[in-house]
Amino acid sequence: MERNTAMATSQLDQPDVRQKGLALMAEKLAGWTQKWFPDAYIFALAGVLLVAIAALAIGASPKAVVDSFGNGFWDLTAFTLQMAMVVLTGYVVATSPPVARLIDRLAQVPNSARAAVSFVAVMSMSVSFVNWGLSLIFGGLLARAVARRADLHVDYRALGAAAFMGLGAVWALGMSSSAAQLQATKASIPPALLKITGVLDFGTTIFTWQSLLTLVILMLLTTVIAHFSAPTGGAVKTAADLGVDLDDQPEPPAEKSRPGEWLEYSRVLPVLAGVLTLGWLVSQLLTLPILSVVSSLNGYQLVFLMLGLVLHGTPRKFLQSVTKAVPATAGILVQFPLYAAMAAILTKATGAGGLSVSEHLAHFFTSIGGNGAFAVIIAIYTALLGMFVPSGGGKWLVEAPYVMQSATDVNMNLGWTVQIYNMAEALPNLINPFFMLPLLAVLGLRARDLVGFTFQQFLFHLPVVLLLAWLLGMTFEFVPPVIPN
């Protein structure tokens with residue numbers, strides 16, 4: 001303990017040494033974003049206006065634009081609830097006593113400040129393969145636990161950015177990928193899209209060796225960048241420097257005050273609910289293909305919600321955690337309607353020739369997508385559109401009809417086309433702070449504190465993603481869509 005205290009003191013006393021390499025680049029980007037970067041909600045509002053102007057520019061009438069805006073505002077209501085529940089269930093599981101103890105133990109693993117940053121990035125990305133909502137909260141709490149260590153003088157902004165890498169780098173290559181889940185479930189695929197793509201289970205998307213190789217490469221790249229971009233010496237800004245309180249001790253539940261509260265403090269109901277959920281899961285695994293079971297978003301929500309209930313032990317503790325989780329969903333609830341409106345304007349406000357903005361873009365990209373360039377063109381298009389509609393599932397419903405038809409026209413493997421979308425879909429998250437919102441609520445920071453570090457990741461990820469989409473795409477053969485009866 002004395003040695004650790006001495007280490008911390010020596011680190012704190014280091015002079016302000018000028019940063020070099022990636023650390024210098026991250027410091028400059030962080031400084032710029034802290035000064036100039038707006039709140040995430042501003043991005044959403046600006047995106048609506050930009051898309052509306054684009055629709056007017058192609059000849060759409062003002063009436064068509066405003067009608068699309070208003071009529072489409074609630075188009076993603078069900079999906080909004082699903083995404084809010086992903087965050088809520090992830091928060092509830094991550095803050096349960098067993099997981100909280102695991103996080104505290106993991107926080108003791110790294111032995112240096114930079115190792116701590118790269119370690120948080122690895123853990124965040126690993127958890128994200130299972131559930132991106134859990135990754136956000138788990139990564140945030142792990143960053144806080146690491147920041148509490150007195151023997152490490154670690155930059156809290158870099159820790160926070162590392163905690164975001166599960167969603168910012170690889171989330172869509174994991175089992176909670178919205179596009180892959182939608183394509184794997186016949187009931188979730190709109191009829192018009194089903195005729196084009198058929199059903200594509202995880203065996204043709206998430207679990208192909210090409211997708212798994214992409215996941216490993218991006219994880220390694222992200223970890224290296226996170227490690228070497230972490231500020232050192234006097235450039236470090238700790239949680240204390242940023243005015244963040246790191247006390248995560250849970251409040252003990254109030255004592256029972258009346259007989260009617262007995263069941264609120266009992267473990268009986270959570271255990272029985274857990275048994276029911278386990279029985280349902282076993283039934284699904286016995287009657288349906290395993291890839292169909294793991295591809296169900298609603299099934300994910302049920303399992304993680306009930307897991308959170310069981311891990312908290314009593315309904316009272318569970319509800320306390322849910323109450324704390326709700327603020328982390330606020331950004332999703334108020335911004336998703338704006339993204340739904342943007343998607344509606346993109347696809348429904350038609351101009352000259354009866355074409356929408358999305359159709360104009362699709363025709364352009366498809367026309368220059370021959371000779372093996374299709375994968376790169378679609379990846380660029382997906383990343384660009386994702387800047388304004390950062391909804392993996394909602395945006396896929398917008399893109400999929402013409403992207404998948406174009407893939408068929410150029411004989412690109414349909415499963416890999418979904419994965420091209422997934423690879424590129426994560427890129428805008430490194431710039432657009434929308435999906436940072438739940439993490440920021442946990443960290444007690446603002447988007448501008450992290451975006452300097454995440455934008456640096458974007459600069460390295462973009463060429464690598466485009467290269468992988470192109471090279472690995474050549475290893476596939478075209479398979480016609482399988483339309484189920």
Side-chain angles (χ1 to χ4, degrees), residues 78-79 81-106 123 126-138 141 174-178 180-182 184-188 201-202 206-207 250-326 328-329 438:
F79 191 70
L81 177 60
Q82 288 178 320
M83 292 299 99
M85 286 299 294
V86 167
V87 173
L88 186 145
T89 55
Y91 189 102
V92 169
V93 170
T95 56
S96 65
V99 177
R101 288 193 293 269
L102 173 63
I103 288 173
D104 285 338
R105 292 193 185 99
L106 289 173
M123 294 305 302
S126 299
V127 174
S128 183
F129 185 78
V130 178
N131 182 290
W132 65 261
L134 177 61
S135 169
L136 276 179
I137 310 306
F138 182 93
L141 294 177
M175 293 191 295
S176 59
S177 162
S178 302
Q181 285 185 331
L182 185 145
T185 308
K186 177 184 176 182
S188 299
D201 65 27
F202 277 14
I206 299 297
F207 292 139
E251 297 179 7
E255 296 294 331
K256 294 189 291 290
S257 60
R258 56 189 179 86
E261 294 179 337
W262 177 76
L263 284 175
E264 296 179 25
Y265 292 83
S266 171
R267 295 180 180 271
V268 174
L269 291 180
V271 169
L272 293 177
V275 170
L276 284 174
T277 304
L278 180 61
W280 172 84
L281 183 58
V282 171
S283 174
Q284 293 288 297
L285 291 171
L286 291 177
T287 57
L288 297 173
I290 186 171
L291 291 176
S292 297
V293 177
V294 301
S295 302
S296 170
L297 181 57
N298 287 335
Y300 262 112
Q301 310 290 15
L302 171 60
V303 170
F304 271 89
L305 190 65
M306 291 300 102
L307 177 62
L309 175 61
V310 172
L311 290 176
H312 279 279
T314 69
R316 174 57 67 91
K317 292 180 180 179
F318 169 75
L319 291 174
Q320 280 186 326
S321 179
V322 169
T323 300
K324 290 185 176 181
V326 169
T329 68

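Computed from a predicted model, the values in this text were never measured in an experiment.
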Legend entry - Intermediate values then yes/no, side chain to side chain contact (heavy atoms under 4.5 Å, CB included), Q301 and T89: CA-CA 7 Å; Q301 310 290 15; T89 55; 3.8 Å; yes
Inset, instruction - Show the numbers, then the answer: is there a side chain to side chain contact (heavy atoms under 4.5 Å, CB included) between V99 and V93? - result: CA-CA 7 Å; V99 177; V93 170; 4.3 Å; yes
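Relative orientation of the H312 and F318 rings is perpendicular, given thresholds of 30° and 60° on the angle between their planes.
With contacts defined as side-chain heavy-atom distances shorter than 4.5 Å, the pair V326/L88 qualifies. Residues F304 and T277 form no side-chain contact, since every pair of their non-hydrogen atoms from C-beta on lies 4.5 Å or further apart.
S177 contributes no side-chain N or O that, together with a main-chain N or O of G174, makes up a donor-acceptor pair within less than 3.5 Å.
Counting all heavy atoms, side chain and backbone alike, L309 lies closest to A273 at CD2-CB, 4.0 Å. Nearest heavy atoms, T314 versus R267: CG2-CG, 4.2 Å. In plain terms, the two heavy atoms of P315 and S266 that are nearest each other are CD-O, 3.2 Å. Contact detail for V92 and S321: the closest heavy-atom pair is CA-OG, 3.5 Å.
The CD1 atom of I137 lies 13.0 Å from the NZ atom of K324; values are rounded to the nearest 0.5 Å. Here the CG atom belonging to L307 is positioned 11.0 Å from the CG atom belonging to L278, to the nearest 0.5 angstrom. In this structure, the separation between CG on L285 and CH2 on W280 is 8.5 Å, given to the nearest 0.5 Å. Here the CG atom belonging to L106 is positioned 12.0 Å from the CG atom belonging to L141, to the nearest 0.5 angstrom. Note that CZ of F138 and CE of M123 are 4.5 Å apart. Values are rounded to the nearest 0.5 Å. Note that the CE atom of M306 and the CG atom of L311 stand 11.5 Å from one another [nearest 0.5 Å].
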